[in-house]
Each structure stands twice: as structure tokens, then as C-alpha cells.
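In what follows, a structure is listed as C-alpha cells, so that the remarks can point back to it.
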There are 2 protein chains.
Amino acid sequence: MIDETSARERVVRAADELFYARGVQAVGMDAVRAAAGVSLKRIYALFASKDELIIAVLRHRTEIWDAGLASAAERATTARERILSIFDFLDAWFRQPDFRGCAFINTHGELGANSSAVADAVRVQKTAFQAYVARLVDELGAPPRLAPQLAILAEGAQTTAAIAGTPDAAHQARAAAETLLDAAVR
Amino acid sequence: MIDETSARERVVRAADELFYARGVQAVGMDAVRAAAGVSLKRIYALFASKDELIIAVLRHRTEIWDAGLASAAERATTARERILSIFDFLDAWFRQPDFRGCAFINTHGELGANSSAVADAVRVQKTAFQAYVARLVDELGAPPRLAPQLAILAEGAQTTAAIAGTPDAAHQARAAAETLLDAAVR
DNA sequence: TTGCGCGGAGAACGATCGTTCTCTACGATA
DNA sequence: TATCGTAGAGAACGATCGTTCTCCGCGCAA
């Protein structure tokens with residue numbers, strides 16, 4: 001294992017999958033080692049502690065989330081469609097068999113009280129999402145107060161779908177978003 | 001400690017506060033013992049395991065939540081006001097200094113993947129809330145599809161407020177709910 | 001070929017946790 | 001008063017976890 005970046009990436013990817021599927025505290029570093037195929041010694045050379053690995057995993061999740069959002073928006077031609085594409089993206093995500101809610105919300109609930117670094121990383125991600133929505137709302141020429149309302153719908157859909165175990169919340173939130181859009185831009 | 005029910009109540013209440021503040025897995029049974037003033041032996045006579053205690057705590061939280069919702073609704077005179085009182089209730093809750101998000105969402109994120117009993121208890125609570133909203137929507141004479149939309153707003157407000165650390169999401173969600181209500185009943 | 005340094009496998013260590021067990025004190029009953 | 005059962009305090013136990021350390025083998029320079 002000579003390639004530094006490849007080893008790091010394998011560790012982050014394996015940890016991400018395990019943390020998301022079972023929760024962070026339920027996964028030992030030895031399980032990460034086994035899944036990544038990287039020795040413990042090497043993992044601790046790449047990350048000073050499990051906490052640092054958790055932060056790296058959250059950053060990795062942010063990239064995946066951003067890429068998914070952007071990819072969904074690409075298929076849209078208008079600002080309104082780009083906003084609604086968020087909920088189509090959620091719908092596709094909720095239908096994946098390994099969907100288990102938003103990793104940021106889950107990790108925040110699990111560790112946010114004890115690790116301000118985790119809480120900060122989650123807050124950064126959610127703030128970035130709100131800014132993304134605000135940008136789309138601005139492009140649409142709708143009043144700015146619409147943006148947090150749409151973001152709240154997206155957040156609520158994620159926790160509702162995770163707990164219910166069904167993807168219904170995506171199209172319910174999308175319908176609500178359409179109503180809010182209709183009322184905001186006339 | 002002769003009174004069975006009082007000891008049980010003290011354990012549940014102490015565990016609830018600790019679990020909510022620090023997360024379930026971060027709180028050892030010895031911390032519960034110290035906070036409740038009930039010996040470990042007695043705790044394990046009342047609850048077969050920590051898992052059982054967790055379930056009891058979730059049930060206790062359900063009672064608190066239901067009572068809070070009902071109390072907020074009492075001050076309302078119309079069905080529309082009763083619906084909006086949900087968001088006033090959330091606003092008051094978000095402003096409490098020890099607010100740390102929805103205990104059900106947090107616990108589900110932490111343990112839902114490993115304990116189907118926990119996942120079930122959380123799902124039961126969320127389903128009951130959705131049924132409550134559906135009842136109010138029915139009283140209002142609005143189309144039933146409005147109910148899950150309002151419930152999603154409430155869920156989203158809870159996670160948004162918890163992560164952001166501000167109570168803003170409550171009135172943002174309330175404003176969205178008003179728009180949805182206006183559009184649904186004309 | 002020989003010595004050296006790096007990396008992997010996994011044992012080891014100290015801490016913590018859920019759960020049980022031991023010991024002691026006390027209150028009620030005959 | 002003597003005895004028995006119960007309850008509390010906390011030690012003990014086995015498991016697990018994060019982190020470090022030891023040992024061994026392999027590739028490379030002189």
C-alpha cells in the first residue's frame with residue numbers, strides 16, 4: 001500500500017459505509033480496518049483519532065451530496081425546475097435499499113452533544129444546503145423568505161422517510177414545495 | 001425506596017434527561033443510578049436491560065410530547081389555529097436552553113439500525129403525530145394530502161433548529177404552513 | 001549478499017460499559 | 001430479642017473499544 005491518497009480514500013469510503021449503516025459508535029476501528037483492507041497502524045498514520053476520521057467521512061458525504069444535487073439540477077432548464085429537482089433527487093435516494101436517513105442528521109443526533117467538531121461539520125453542511133436553496137430562490141426572483149421554507153421541507157422529508165421506511169415523503173414534500181412556489185411567484 | 005412506581009419514575013426521568021442531553025450510548029447505567037438515586041440492583045429489577053429502559057424513556061417522551069401538543073391546542077379556538085399551534089409549541093420548545101432536537105429522531109439515528117425495538121417505538125410516535133395532524137386537517141375540511149405536508153414541515157423544523165442552534169425554523173415552518181393552509185382551503 | 005528501514009498483522013493495554021454478585025445493615029415478625 | 005428477608009453500596013466480571021506496541025517479513029542500497 002504505497003499510494004497514500006488511495007489508502008486514505010479506501011478508509012474514508014469504508015468508514016462512511018459502515019458508519020451510515022450501523023451508526024458511528026457501533027463501528028469499531030477494527031471493522032473499518034477489515035473493510036478498508038488498510039492496517040490499523042496506517043489508519044492512525046492517516047488520521048490522528050477516530051474523531052478525525054469521522055470529520056473526514058462527513059466531508060466526503062458533503063461531496064457526494066453536492067454532486068447528487070448538481071446532477072439532479074442539470075436535467076432542469078428553469079429555476080423552478082431546479083428547485084423541484086431537489087425533491088426528485090430525494091425521491092431517488094429514499095428508494096435505495098440502504099437508505100437510512102441523512103447521515104448528517106444521524107451523526108449530529110449521536111455525537112453532536114459530545115463533539116463540537118462534529119456539530120460544526122454538520123452545521124456547515126446544512127448551512128451550505130440552505131445557501132444553495134437561497135441561490136435558486138433568488139434566481140427565480142421569489143422572495144428570500146421562501147428559501148428556508150423549502151429547506152425545511154427537504155429536511156423533514158429526510159427524517160420522515162428514514163423513520164417511516166417509505167419514500168412517500170419525497171413527493172409529499174415536492175407537492176408542498178409546488179404550492180409554496182405557486183403562492184410566492186405570481 | 002419502598003415505592004415501586006416512584007423509583008421507576010425517577011429512573012425513567014433521570015435516564016430521559018441524561019439520554020437527551022448526551023445521547024444514549026454516551027450515558028452509562030452508573031450515571032443513571034447516580035442521577036436517579038436508585039441502586040443498580042433495583043434498576044435491573046425494574047428493567048431487564050438498558051434496551052428496556054430506553055424503550056420506557058421513549059414512551060415517557062411520547063407522553064410529554066402529547067401533553068405539550070394538547071396544551072398548545074387548548075388555547076386555539078378553530079381547527080386552523082389548532083394546526084398552527086403545533087408550530088407555536090415548537091417555537092417555545094426550541095427556545096428552551098436545553099433543546100437538542102427531537103429525542104425520537106436522535107435516538108433513531110443512533111440506535112435505529114441496531115435495535116428494531118427502538119426503531120419501532122420511534123415509528124409509532126411519528127405515526128401517532130401524523131394521525132394527530134390528519135385529524136386536525138379533517139376537522140378543517142381540507143384535503144387529506146395536506147396532513148403529511150404539515151407533518152413534514154414540523155419534522156424539518158425540529159432537525160433544522162437542532163442543528164442550527166436557533167429557533168428560527170419554527171416561525172419559518174409556521175409561515176409555510178399558513179401558505180399551505182391558504183392554498184388548501186378557499 | 002547483507003544490513004536496514006518500512007509496512008502489515010495482530011497482540012497488548014488501559015479504559016469503559018452492561019450486568020451480576022457479594023457483603024453488610026436494617027426492619028419486620030414470632 | 002433473635003432471625004430472616006430485603007435493599008443498598010459498590011466491587012467484580014467479561015466484553016468491547018480506541019489506541020499503541022511488538023514482532024516479523026519483504027524490498028532496496030552498498
Side-chain angles (χ1 to χ4, degrees), chain A residues 1-58 106-107 110-118 121, chain B residues 1-58 106-107 110-118 121:
Chain A
M1 194 63 54
I2 298 166
D3 189 350
E4 281 280 329
T5 70
S6 146
R8 190 188 161 92
E9 209 160 300
R10 278 165 62 182
V11 172
V12 170
R13 231 188 282 270
D16 180 39
E17 277 177 32
L18 290 171
F19 291 170
Y20 182 65
R22 303 189 216 159
V24 175
Q25 298 185 93
V27 174
M29 292 297 278
D30 200 64
V32 174
R33 175 204 57 79
V38 175
S39 75
L40 274 180
K41 198 176 178 181
R42 196 133 171 72
I43 292 179
Y44 276 95
L46 293 165
F47 306 94
S49 65
K50 190 180 183 181
D51 284 324
E52 266 198 23
L53 175 58
I54 295 167
I55 301 296
V57 165
L58 290 178
N106 292 347
T107 307
E110 188 175 351
L111 301 172
N114 305 304
S115 163
S116 59
V118 166
Chain B
M1 195 63 51
I2 299 166
D3 189 350
E4 282 280 330
T5 68
S6 146
R8 189 188 160 92
E9 209 159 299
R10 280 166 62 183
V11 171
V12 170
R13 231 188 283 268
D16 179 39
E17 278 178 32
L18 290 171
F19 290 172
Y20 182 64
R22 303 190 217 157
V24 174
Q25 298 184 94
V27 174
M29 292 297 277
D30 200 65
V32 174
R33 174 204 59 79
V38 174
S39 74
L40 274 179
K41 198 176 177 181
R42 195 132 171 73
I43 291 178
Y44 276 96
L46 293 165
F47 306 93
S49 65
K50 189 179 184 183
D51 285 323
E52 266 198 23
L53 174 58
I54 295 167
I55 301 296
V57 166
L58 289 178
N106 292 348
T107 308
E110 188 174 352
L111 301 171
N114 305 303
S115 164
S116 59
V118 166

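Labels below follow one simple rule: chain letters A, B, ... track the order of the sequence lines, proteins then strands, and each chain is numbered from 1. Below, all heavy atoms of this structure are taken into account, side chains as well, without hydrogens, waters or symmetry copies. Since the structure is predicted, the reported quantities are computational estimates derived from the model, not experimental observations.
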**Request:** Provide, to the nearest angstrom, the distance between the CD1 atom belonging to I43(A) and the P atom belonging to dG8(C).
**Result:** 10 Å

**Fill in**
Atom OH of Y44(B) and atom P of dA7(D) are separated, to the nearest Å, by 18 Å

**Request:** Rounded off to whole Å, could you give me the CG-to-P distance for the L18(B) and dC17(C) pair?
**Result:** 12 Å

**Request:** Figure out the CG/P separation between L111(A) and dG18(D), and round it to whole Å.
**Result:** 11 Å

**Request:** Whole angstrom is fine here: how far is it from CZ in F47(A) over to P in dG18(D)?
**Result:** 15 Å

**Prompt:** Does R33(B) pair with D30(B) as a salt bridge, N-O distance under 4.0 Å?
**Reply:** yes

Identify each atom pair where a protein N or O and an N or O of nucleotides 21-25 of chain C are less than 3.5 Å apart, giving names and distance.
none

**Item:** V12(A) side chain reached by F47(A) side chain, heavy atoms, under 4.5 Å
**Value:** yes

**Prompt:** So L46(A) and E52(A), side-chain contact (heavy atoms from CB on, under 4.5 Å) or not? Walk me through it.
**Reply:** CA-CA 9 Å; L46(A) 293 165; E52(A) 266 198 23; over 6 Å; no

**Asked** Which atoms form the tightest heavy-atom contact between L18(A) and A31(A), and what is the distance?
**Response** CD1-O, 3.6 Å

**Request:** Would you kindly give the CZ-to-C1' distance between R22(A) and dC17(D), to the nearest whole Å?
**Result:** 14 Å

**Prompt:** Within this structure, what is the CZ-to-P distance between R10(B) and dG8(D), rounded to whole angstrom?
**Reply:** 10 Å

**Request:** Take the protein atom CD of Q25(B) and the nucleotide atom P of dC17(D), then report the distance between them rounded to whole Å.
**Result:** 10 Å

**Prompt:** Just checking V32(A): base, sugar-phosphate only, or nothing, at a heavy-atom cut-off of under 4.0 Å?
**Reply:** nothing

**Complete:** Closest heavy-atom pair, K50(B) versus Q25(B), reported as atoms and distance to 0.1 Å, is NZ-CA, 4.2 Å

**Message:** So which atom in A7(B) and which in V38(B) form the shortest heavy-atom distance, rounded to 0.1 Å?
**Reply:** O-CG2, 4.2 Å

**Message:** Return whichever of S39(B) or A26(A) has its heavy-atom-nearest nucleotide of DNA chain D closer to the 5' end.
**Reply:** S39(B)

